[in-house]
Each structure stands twice: as structure tokens, then as C-alpha cells.
Asks: 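Sending over a structure as C-alpha cells; questions will come in a sec.
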Amino acid sequence: MSELDLERAICAAADLKEGECRGFTVGAGDWPLQGLVVKLPGRIVAFRNVCPHAGHPLNLRPNDFLSPDGMLIMCHSHGALFEKSTGLCVAGPCQGRHLRPIAIEVASGVVLLAGEDDPAG
């Protein structure tokens, strides 16, 4: 087993509950990579924490990414709603656009950036 690159670590997979969204920041400096992970049945997906409508973070409070019923990701500034599995905007000012996915992998129980995304931004 190879050693984990902790600079690319997002969180422990076991810490995520099904349906939950959690924000993360990887990297340092003025433009670290900011995203969110979502645990779905049988897989974990990640997106950049940037609304395609206005270009700002989706959440106003830490880890507050979901609609009131918990079924969709929500931009808390303008109310856009996104599918958890695909990041497709299904309602709001950016309908039809997508959240930008982040490639991840799970190794030794840790969710990691898969290498395509640069933690520096």
C-alpha cells in the first residue's frame, strides 16, 4: 500500500452520512480549492463551491448546502437548486447549467483529490 498524499485529503469517507453535503478547502494561498462533497448510495461526488449564476460560494454558513428538504444542493444567495448526483441546476437563475465537478477517489478510507484538480486553485 502506498502512502496517502495528505495535501490532497478532503475527509474520511466514514465521516460522511448518506445524502449529506460537506464543504472543504484544499491548498493554501489566496485561491485554495473550495468544494463540497456529497455522499450518495454507493459513491461520493464532489463539486467546486461556486454558483454558475453569480460565481460566489453556494453556502452562507459552514456546510449549509442543502435545500430545506435535503433533496437538492441549494445556492443560498439566489435559490438555485442542483441535483446532488450531477450538479445540474434544475431551478433558479442558472437552470440547465452545472456545478463544476471535482475528480475524487477514496483510498484507505480517505476521500482525496484524484490528481486532475490543482489544490492551489
Side-chain angles (χ1 to χ4, degrees):
M1 172 166 54
S2 63
E3 222 173 285
L4 292 177
D5 181 357
L6 295 180
E7 289 184 9
R8 301 185 85 69
I10 294 171
C11 66
D15 290 345
L16 295 171
K17 294 177 178 68
E18 193 167 307
E20 177 182 62
C21 282
R22 179 179 295 183
F24 68 87
T25 301
V26 177
D30 292 335
W31 301 102
L33 176 61
Q34 295 183 344
L36 60 125
V37 289
V38 184
K39 186 169 186 180
L40 302 168
R43 67 187 178 122
I44 299 171
V45 297
F47 302 101
R48 288 189 182 254
N49 184 8
V50 177
C51 179
H53 165 239
H56 54 75
L58 298 164
N59 60 321
L60 298 176
R61 294 182 303 235
N63 299 316
D64 186 17
F65 292 102
L66 298 179
S67 59
D69 65 3
M71 299 303 293
L72 298 165
I73 298 169
M74 180 176 173
C75 177
H76 288 275
S77 291
H78 296 104
L81 297 170
F82 304 86
E83 293 178 345
K84 289 180 182 178
S85 61
T86 65
L88 173 67
C89 183
V90 295
C94 53
Q95 189 165 352
R97 296 176 69 191
H98 286 82
L99 297 175
R100 187 169 163 201
I102 297 173
I104 58 170
E105 61 187 344
V106 179
S108 300
V110 178
V111 180
L112 303 161
L113 293 178
E116 291 86 8
D117 278 294
D118 180 4

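Because only heavy atoms are used, hydrogens play no part in the values below, and waters and symmetry mates are left out as well, while side chains stay in.
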Asks: To the nearest 0.5 Å, tell me how far Thr86 OG1 sits from Leu99 CG.
Replies: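 Taking OG1 in Thr86 and CG in Leu99, the distance rounds to 8.5 Å.
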Asks: Under 3.5 Å, side chain of Asn59 to main-chain N/O of His76, donor-acceptor pair present?
Replies: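 Between the backbone of His76 and the side chain of Asn59 there is no qualifying donor-acceptor contact (under 3.5 Å).
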Asks: Hey, is the main chain of Gly70 close enough, under 3.5 Å, to the side chain of Lys84 for a donor-acceptor pair?
Replies: yes
Asks: Is a donor on one side and an acceptor on the other found under 3.5 Å between the side chain of Asn63 and the backbone of Gly23?
Replies: yes
Asks: Quick one: does Ser67's side chain have a donor or acceptor within less than 3.5 Å of a partner on Leu72's backbone?
Replies: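 Checked: pair present.
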Asks: Starting from Val38, can I reach Val106 by hopping between I/L/V/M/F/W/Y residues whose side chains sit under 4.5 Å apart?
Replies: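 They do not share one cluster, since no chain of ILVMFWY contacts under 4.5 Å joins Val106 to Val38.
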Asks: Do the side chain of Ser108 and the main chain of Val110 share a donor and acceptor less than 3.5 angstrom apart?
Replies: no
Asks: Can Cys21 and Val37 be said to form a side chain to side chain contact (heavy atoms under 4.5 Å, CB included), step by step?
Replies: CA-CA 6 Å; Cys21 282; Val37 289; over 6 Å; no
Asks: Kindly state whether the ring of His78 and the ring of His56 have centres lying under 6.0 angstrom apart.
Replies: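 His78 vs His56: aromatic centres under 6.0 Å.
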Asks: Taking the side chain as every heavy atom from C-beta outward, state whether Val45 and Ser85 have any pair of such atoms under 4.5 Å apart.
Replies: no
Asks: Would you give the length of the straight line joining atom CG of Leu33 to atom CG of Asn49, rounded to the nearest 0.5 angstrom?
Replies: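 Nearest 0.5 Å value for the CG-CG distance: 10.0 Å.
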Asks: Please test Val90 against Gln95 for side chain to side chain contact (heavy atoms under 4.5 Å, CB included), starting from the C-alpha separation and ending with a verdict.
Replies: CA-CA 5 Å; Val90 295; Gln95 189 165 352; 5.7 Å; no
Asks: Quick one: does any side-chain atom of Arg22 pair with a main-chain N or O of Cys11 as donor and acceptor, under 3.5 Å?
Replies: no
Asks: Taking atom CD1 of Ile73 and atom CZ of Phe47, what is their separation to the nearest 0.5 Å?
Replies: 5.0 Å
Asks: Whether the side chain of Arg97 engages the backbone of Pro52 through a donor-acceptor N/O pair (distance < 3.5 Å, no angle test) should be reported.
Replies: yes
Asks: Side-chain contact, heavy-atom cut-off 4.5 Å: Cys89 with His98?
Replies: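 The answer is no; the side chains never approach within 4.5 Å.
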Asks: Please report the shortest heavy-atom distance between Leu66 and Gly19, naming the atom on each side.
Replies: CD1-O, 3.7 Å
Asks: For His53 and Cys94, which heavy atoms make the closest approach, and how far apart are they?
Replies: CB-CB, 3.8 Å
Asks: Considering all heavy atoms of both residues, which atom of Pro68 and which atom of Met74 are nearest to each other, and what is their separation?
Replies: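 Answer, listing the atom of Pro68 first, then Met74: CD-SD, 4.0 Å.
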Asks: Of all heavy-atom pairs between Gly27 and Pro32, which one has the smallest distance, and what is that distance?
Replies: O-CB, 3.6 Å
Asks: After noting the C-alpha distance and the side-chain angles of Ile44 and Ile104, does the key distance pass the side chain to side chain contact (heavy atoms under 4.5 Å, CB included) rule?
Replies: CA-CA 8 Å; Ile44 299 171; Ile104 58 170; 3.7 Å; yes
Asks: Same cluster or not: Ile10 versus Ile102, using hydrophobic residues (I, L, V, M, F, W, Y) connected whenever any side-chain heavy atoms lie under 4.5 Å apart?
Replies: yes
Asks: Among the clusters formed by ILVMFWY side chains lying less than 4.5 Å apart, do Leu16 and Met71 turn up in the same one?
Replies: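 Not linked; separate clusters.
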Asks: Which atom pair, heavy atoms only, marks the closest approach of Phe24 to Ala46?
Replies: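 Smallest interatomic distance, heavy atoms only, reads CE2-CB, 4.5 Å.
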Asks: How far does CG of Leu88 sit from CG of Leu81, to the nearest 0.5 angstrom?
Replies: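 Between atom CG of Leu88 and atom CG of Leu81 there are 11.0 Å.
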